[in-house]
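FYI, side chains are in, hydrogens and waters are out, and symmetry mates aren't considered; it's all heavy atoms of this structure. Keep in mind that what you see is a predicted model, and the values were worked out from it rather than measured.
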Amino acid sequence: MIKPTNSDDQRVYDKEYQKAQNLGVLYGISFMYQFEQRIVVGVNASVNQVRFRYLQEQPGSSRSVRFIHNHDLNYFDLPVFFRFMFRKVNSRFWDKSSKKPTVPAIIPFAQVGLNFSILMNADKEYSKITTQNGIESREFNKQEDIKSIMAPNTVGVFIGGGARFRVGTFYLTAEANFRQGLNNANNQDARYMNENLQNEAYDIMDDFSFQSFEALIGVIFPLKYLSKKEFMPVEI
(Lines give C-alpha, C1' and ligand atoms only; values in the text may rest on other atoms or scores of the structure.)
Protein backbone atom coordinates (compact mmCIF):
# COMPACT_ATOMS: atom_id res chain seq x y z
CA MET A 1 0.00 0.00 0.00
CA ILE A 2 1.31 3.44 -0.94
CA LYS A 3 0.16 6.47 1.02
CA PRO A 4 1.43 9.99 1.67
CA THR A 5 3.26 10.69 4.91
CA ASN A 6 2.49 13.35 7.47
CA SER A 7 4.65 14.87 10.20
CA ASP A 8 3.74 12.08 12.63
CA ASP A 9 4.79 9.35 10.20
CA GLN A 10 7.96 11.03 8.97
CA ARG A 11 10.23 9.72 11.72
CA VAL A 12 9.41 6.15 10.70
CA TYR A 13 11.12 6.69 7.34
CA ASP A 14 14.15 8.62 8.60
CA LYS A 15 17.59 7.04 8.38
CA GLU A 16 20.06 7.39 11.22
CA TYR A 17 23.50 7.89 9.63
CA GLN A 18 26.52 7.10 11.75
CA LYS A 19 28.91 9.98 11.18
CA ALA A 20 32.09 8.35 12.51
CA GLN A 21 31.98 4.59 12.64
CA ASN A 22 34.03 2.49 10.26
CA LEU A 23 37.58 3.27 9.21
CA GLY A 24 38.64 3.05 5.58
CA VAL A 25 42.03 2.65 3.93
CA LEU A 26 43.79 4.91 1.42
CA TYR A 27 46.95 3.87 -0.41
CA GLY A 28 48.70 4.91 -3.61
CA ILE A 29 51.59 6.73 -5.24
CA SER A 30 52.24 10.47 -5.69
CA PHE A 31 54.32 12.45 -8.18
CA MET A 32 55.46 15.93 -7.13
CA TYR A 33 57.37 18.73 -8.78
CA GLN A 34 58.93 21.57 -6.81
CA PHE A 35 59.00 24.86 -8.73
CA GLU A 36 61.05 26.62 -6.09
CA GLN A 37 61.88 26.12 -2.44
CA ARG A 38 58.34 26.73 -1.17
CA ILE A 39 55.82 25.73 -3.85
CA VAL A 40 55.09 22.12 -4.83
CA VAL A 41 52.48 20.79 -7.26
CA GLY A 42 51.53 17.13 -7.15
CA VAL A 43 49.21 14.48 -8.52
CA ASN A 44 48.24 11.25 -6.83
CA ALA A 45 46.90 7.88 -7.99
CA SER A 46 45.36 5.89 -5.17
CA VAL A 47 42.66 3.48 -4.06
CA ASN A 48 40.30 4.87 -1.45
CA GLN A 49 38.02 2.64 0.62
CA VAL A 50 34.88 4.38 1.92
CA ARG A 51 32.67 2.69 4.50
CA PHE A 52 29.47 4.06 6.03
CA ARG A 53 26.38 2.82 7.83
CA TYR A 54 22.82 3.85 8.54
CA LEU A 55 19.92 2.40 10.52
CA GLN A 56 16.16 2.39 9.94
CA GLU A 57 13.70 1.88 12.77
CA GLN A 58 10.03 0.95 12.39
CA PRO A 59 8.75 1.03 15.96
CA GLY A 60 5.54 -0.63 17.08
CA SER A 61 3.64 -1.23 20.30
CA SER A 62 4.30 -5.00 20.39
CA ARG A 63 6.54 -5.58 17.36
CA SER A 64 9.33 -3.38 16.01
CA VAL A 65 11.59 -3.81 13.01
CA ARG A 66 15.13 -2.52 12.58
CA PHE A 67 17.19 -2.53 9.37
CA ILE A 68 20.99 -2.18 9.44
CA HIS A 69 22.68 -1.04 6.21
CA ASN A 70 26.48 -1.33 5.86
CA HIS A 71 28.22 0.00 2.73
CA ASP A 72 31.73 -0.73 1.46
CA LEU A 73 32.88 1.29 -1.58
CA ASN A 74 36.21 1.44 -3.39
CA TYR A 75 37.24 4.41 -5.53
CA PHE A 76 40.20 5.07 -7.79
CA ASP A 77 41.25 8.59 -6.77
CA LEU A 78 43.14 11.18 -8.83
CA PRO A 79 43.84 14.20 -6.59
CA VAL A 80 45.72 17.26 -7.84
CA PHE A 81 47.17 19.44 -5.09
CA PHE A 82 49.28 22.52 -4.39
CA ARG A 83 51.57 22.54 -1.35
CA PHE A 84 53.22 25.53 0.34
CA MET A 85 56.33 24.79 2.42
CA PHE A 86 56.92 26.99 5.47
CA ARG A 87 60.69 27.45 5.27
CA LYS A 88 63.40 30.04 4.82
CA VAL A 89 64.30 30.68 1.17
CA ASN A 90 68.03 30.29 0.62
CA SER A 91 69.99 31.93 -2.16
CA ARG A 92 70.45 29.49 -5.03
CA PHE A 93 74.09 30.59 -5.37
CA TRP A 94 76.69 30.30 -2.66
CA ASP A 95 80.32 31.16 -2.11
CA LYS A 96 82.42 28.05 -1.57
CA SER A 97 84.42 29.92 1.05
CA SER A 98 81.31 30.19 3.22
CA LYS A 99 79.09 27.55 4.72
CA LYS A 100 76.73 26.00 2.22
CA PRO A 101 73.03 26.68 2.93
CA THR A 102 71.23 23.63 4.28
CA VAL A 103 67.74 22.33 3.84
CA PRO A 104 65.84 22.15 7.19
CA ALA A 105 65.43 18.66 8.61
CA ILE A 106 61.75 19.33 9.36
CA ILE A 107 59.55 21.52 7.13
CA PRO A 108 55.85 22.09 7.86
CA PHE A 109 53.46 22.65 4.94
CA ALA A 110 49.87 23.48 4.06
CA GLN A 111 48.05 22.20 0.99
CA VAL A 112 44.82 22.40 -0.96
CA GLY A 113 43.58 20.25 -3.80
CA LEU A 114 40.85 18.95 -6.07
CA ASN A 115 39.95 15.25 -6.07
CA PHE A 116 38.45 13.17 -8.90
CA SER A 117 37.14 9.71 -7.99
CA ILE A 118 36.07 6.77 -10.18
CA LEU A 119 33.92 4.08 -8.57
CA MET A 120 35.57 0.64 -8.79
CA ASN A 121 33.11 -1.49 -6.81
CA ALA A 122 30.32 -1.02 -4.28
CA ASP A 123 28.88 -3.64 -1.92
CA LYS A 124 26.10 -3.41 0.61
CA GLU A 125 25.23 -5.69 3.51
CA TYR A 126 21.77 -5.31 4.99
CA SER A 127 20.08 -7.03 7.92
CA LYS A 128 16.53 -7.16 9.25
CA ILE A 129 16.07 -7.54 13.02
CA THR A 130 12.64 -7.99 14.57
CA THR A 131 11.83 -7.46 18.24
CA GLN A 132 8.55 -8.86 19.58
CA ASN A 133 7.56 -9.30 23.22
CA GLY A 134 11.11 -8.48 24.24
CA ILE A 135 12.62 -11.21 22.04
CA GLU A 136 15.01 -10.12 19.28
CA SER A 137 15.53 -12.22 16.16
CA ARG A 138 17.50 -11.66 12.96
CA GLU A 139 15.30 -12.52 10.00
CA PHE A 140 18.01 -12.22 7.35
CA ASN A 141 21.48 -10.91 6.57
CA LYS A 142 22.18 -10.39 2.86
CA GLN A 143 24.68 -8.79 0.52
CA GLU A 144 24.06 -6.85 -2.66
CA ASP A 145 26.18 -5.28 -5.42
CA ILE A 146 25.04 -1.63 -5.56
CA LYS A 147 27.47 -0.25 -8.12
CA SER A 148 24.61 0.28 -10.59
CA ILE A 149 22.79 2.67 -8.24
CA MET A 150 25.89 4.72 -7.35
CA ALA A 151 27.33 7.64 -9.32
CA PRO A 152 30.25 6.38 -11.45
CA ASN A 153 32.30 9.53 -10.75
CA THR A 154 32.52 12.02 -7.91
CA VAL A 155 34.43 15.29 -7.41
CA GLY A 156 35.60 16.84 -4.17
CA VAL A 157 38.02 19.29 -2.58
CA PHE A 158 40.40 18.88 0.32
CA ILE A 159 42.54 21.08 2.56
CA GLY A 160 45.12 20.11 5.12
CA GLY A 161 48.67 20.27 6.33
CA GLY A 162 51.56 18.32 7.72
CA ALA A 163 55.33 18.16 7.84
CA ARG A 164 58.23 16.70 5.90
CA PHE A 165 61.09 14.95 7.72
CA ARG A 166 64.55 14.25 6.30
CA VAL A 167 65.78 10.67 6.81
CA GLY A 168 69.08 10.18 5.05
CA THR A 169 68.58 10.54 1.29
CA PHE A 170 64.77 10.37 1.40
CA TYR A 171 61.92 12.01 3.30
CA LEU A 172 58.99 10.98 5.43
CA THR A 173 55.76 12.99 5.42
CA ALA A 174 52.89 13.06 7.87
CA GLU A 175 49.72 14.91 6.92
CA ALA A 176 46.05 15.32 7.82
CA ASN A 177 43.34 16.49 5.43
CA PHE A 178 39.65 17.32 5.44
CA ARG A 179 37.69 16.14 2.39
CA GLN A 180 34.36 17.49 1.14
CA GLY A 181 32.42 15.96 -1.76
CA LEU A 182 30.88 18.38 -4.24
CA ASN A 183 28.29 16.14 -5.92
CA ASN A 184 25.92 13.31 -5.08
CA ALA A 185 27.59 9.95 -4.55
CA ASN A 186 24.44 8.09 -5.58
CA ASN A 187 22.97 7.82 -9.07
CA GLN A 188 19.76 9.85 -8.92
CA ASP A 189 18.37 8.24 -12.08
CA ALA A 190 18.96 4.68 -10.86
CA ARG A 191 17.94 4.80 -7.21
CA TYR A 192 14.89 2.55 -7.86
CA MET A 193 16.66 -0.04 -10.01
CA ASN A 194 17.58 -2.53 -7.27
CA GLU A 195 14.33 -4.38 -6.56
CA ASN A 196 15.85 -6.62 -3.88
CA LEU A 197 16.60 -3.64 -1.65
CA GLN A 198 13.14 -2.18 -2.20
CA ASN A 199 11.19 -5.38 -1.60
CA GLU A 200 13.22 -6.78 1.30
CA ALA A 201 14.56 -3.72 3.13
CA TYR A 202 12.29 -0.93 1.82
CA ASP A 203 15.51 0.95 1.06
CA ILE A 204 15.89 3.74 -1.49
CA MET A 205 19.27 5.49 -1.60
CA ASP A 206 19.25 9.10 -0.37
CA ASP A 207 21.09 11.96 -2.04
CA PHE A 208 24.36 12.36 -0.16
CA SER A 209 28.00 13.38 -0.52
CA PHE A 210 31.06 12.27 1.41
CA GLN A 211 32.77 14.26 4.15
CA SER A 212 35.79 12.84 5.90
CA PHE A 213 39.07 13.35 7.73
CA GLU A 214 42.16 11.45 6.67
CA ALA A 215 45.60 10.89 8.17
CA LEU A 216 48.40 9.85 5.82
CA ILE A 217 52.02 8.71 6.11
CA GLY A 218 54.21 8.92 3.01
CA VAL A 219 57.76 8.27 1.80
CA ILE A 220 59.34 10.64 -0.75
CA PHE A 221 62.22 9.49 -2.95
CA PRO A 222 63.86 12.41 -4.84
CA LEU A 223 64.37 11.45 -8.49
CA LYS A 224 67.04 14.04 -9.21
CA TYR A 225 69.10 16.75 -7.60
CA LEU A 226 70.23 19.64 -9.80
CA SER A 227 73.78 20.80 -9.11
CA LYS A 228 76.29 22.66 -11.24
CA LYS A 229 79.43 24.42 -9.99
CA GLU A 230 78.30 27.04 -7.45
CA PHE A 231 74.61 26.48 -8.08
CA MET A 232 72.95 25.18 -4.90
CA PRO A 233 71.19 21.81 -5.33
CA VAL A 234 67.42 22.10 -5.59
CA GLU A 235 65.82 19.50 -3.33
CA ILE A 236 62.16 18.45 -3.41
Side-chain angles (χ1 to χ4, degrees), residues 1-26 28 44-59 64-81 112-129 140-160 176-215:
M1 180 174 67
I2 299 176
K3 68 180 183 68
T5 61
N6 56 43
S7 57
D8 294 331
D9 296 328
Q10 190 62 48
R11 68 184 184 90
V12 176
Y13 303 96
D14 283 344
K15 298 175 182 178
E16 179 187 345
Y17 285 86
Q18 294 186 322
K19 296 184 181 300
Q21 177 66 26
N22 296 313
L23 295 178
V25 178
L26 177 67
N44 178 272
S46 59
V47 175
N48 184 17
Q49 181 191 41
V50 178
R51 303 171 67 192
F52 68 97
R53 179 182 188 183
Y54 58 76
L55 308 176
Q56 285 179 292
E57 298 276 357
Q58 295 181 1
S64 62
V65 178
R66 178 162 54 105
F67 291 97
I68 302 175
H69 304 268
N70 289 300
H71 305 76
D72 192 345
L73 316 177
N74 285 280
Y75 288 90
F76 179 68
D77 281 0
L78 291 169
V80 178
F81 60 90
V112 63
L114 187 63
N115 185 72
F116 304 92
S117 299
I118 302 171
L119 182 64
M120 299 172 59
N121 54 66
D123 297 310
K124 178 188 181 87
E125 181 184 85
Y126 58 102
S127 306
K128 181 181 180 181
I129 300 174
F140 60 74
N141 185 78
K142 298 185 178 183
Q143 290 187 339
E144 197 75 22
D145 184 347
I146 59 170
K147 186 176 180 180
S148 61
I149 63 175
M150 300 295 297
N153 306 294
T154 59
V155 179
V157 295
F158 64 92
I159 186 171
N177 302 305
F178 171 74
R179 286 196 183 202
Q180 174 63 61
L182 299 179
N183 65 318
N184 285 326
N186 71 302
N187 187 337
Q188 295 174 303
D189 298 327
R191 72 173 85 237
Y192 298 100
M193 288 181 61
N194 193 308
E195 295 183 357
N196 291 338
L197 294 177
Q198 295 181 66
N199 297 334
E200 295 177 337
Y202 313 110
D203 180 52
I204 303 299
M205 190 74 74
D206 288 337
D207 292 340
F208 65 93
S209 60
F210 294 121
Q211 192 178 74
S212 62
F213 287 97
E214 63 184 18

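Atom OG of Ser127 and atom NE2 of His69 lie 9.0 Å apart (nearest 0.5 Å). To the nearest 0.5 angstrom, Tyr202 atom OH is 11.0 Å from Gln56 atom CD. Between the CG atom in Leu73 and the NZ atom in Lys147 there is a gap of 11.5 Å [rounded to 0.5 Å]. Here the straight-line distance linking atom CD of Gln49 with atom CZ of Arg51 works out to 5.5 Å at 0.5 Å rounding. For the atom pair CG of Leu78 and CD1 of Ile118, the computed distance is 5.5 Å after rounding to the nearest 0.5 Å. A distance of 10.0 Å separates CG of Asn70 from OH of Tyr54, quoted to the nearest 0.5 Å.
Counting only N and O atoms by type, the side chains of Ser46 and Asn48 include no donor and acceptor under 3.5 Å apart.
Residues meeting the side-chain contact (heavy atoms from CB on, under 4.5 Å) test with Val112, sequence neighbours left out: none. Shown here are the salt bridge (charged side-chain N to carboxylate O under 4.0 Å, His left out) partners of Arg66, two or more places apart in sequence or in another chain: Glu57, Glu136. Considering only residues two or more places apart in sequence or on other chains, Asn183 meets the side chain to side chain donor-acceptor pair (under 3.5 Å) condition with none of them. Residues satisfying the side chain to side chain donor-acceptor pair (under 3.5 Å) criterion with Asn74, sequence neighbours excluded, are Asn121. Applying the side chain to side chain donor-acceptor pair (under 3.5 Å) test to Asp145 and every residue at least two apart in sequence or in another chain returns nothing. With sequence neighbours left out, Asn177 forms a side-chain contact (heavy atoms from CB on, under 4.5 Å) with Gln111, Phe158, Glu175, Glu214, Leu216. Listed by chain and residue number, Phe52, Met150, Ala185, Asn186, Met205, Phe210 satisfy the side-chain contact (heavy atoms from CB on, under 4.5 Å) test with Phe208 (two or more places apart in sequence, or in another chain). Remark: Phe76 pairs with no residue by the ring pair (Phe, Tyr, Trp, His ring centres under 6.0 Å) rule, at least two apart or across chains. Gln143 meets the side-chain contact (heavy atoms from CB on, under 4.5 Å) test with Glu125; sequence neighbours excluded. With sequence neighbours left out, Ser212 forms a side chain to side chain donor-acceptor pair (under 3.5 Å) with no residue at all.
The stretch residues 70-80 participates, sequence neighbours left out, in these salt bridge (charged side-chain N to carboxylate O under 4.0 Å, His left out) pairs: Asp77-Arg179. Screening residues 200-210 for salt bridge (charged side-chain N to carboxylate O under 4.0 Å, His left out), with sequence neighbours left out, gives Lys15-Asp203, Lys15-Asp206, Lys124-Asp203, Lys142-Glu200, Arg191-Asp207.
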message: Quick one, Phe67 with Leu55, criterion side-chain contact (heavy atoms from CB on, under 4.5 Å). Give me CA distance, side-chain angles, the key distance, then yes/no.
response: CA-CA 6 Å; Phe67 291 97; Leu55 308 176; over 6 Å; no
task: Would you please test Gln198 and Tyr192 for side-chain contact (heavy atoms from CB on, under 4.5 Å) and show each step?
output: CA-CA 8 Å; Gln198 295 181 66; Tyr192 298 100; 3.9 Å; yes
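Heavy-atom neighbours of Gln188 CD from other residues, nucleotides or ligands within 6.0 Å: above the threshold of 12.
Using a 4.5 Å heavy-atom threshold, the side chains of Ile129 and Ile68 count as touching. Side-chain contact between Ile146 and Ser148 is absent, with no heavy-atom pair separated by less than 4.5 Å.
Contact between Tyr126 and Ala201 at its shortest, heavy atoms only, is CD1-CB, 3.8 Å. Nearest heavy atoms, Val155 versus Phe116: CG2-CD2, 4.1 Å. Closest of all the heavy-atom pairs between Asn194 and Leu197 is OD1-N, 3.1 Å.
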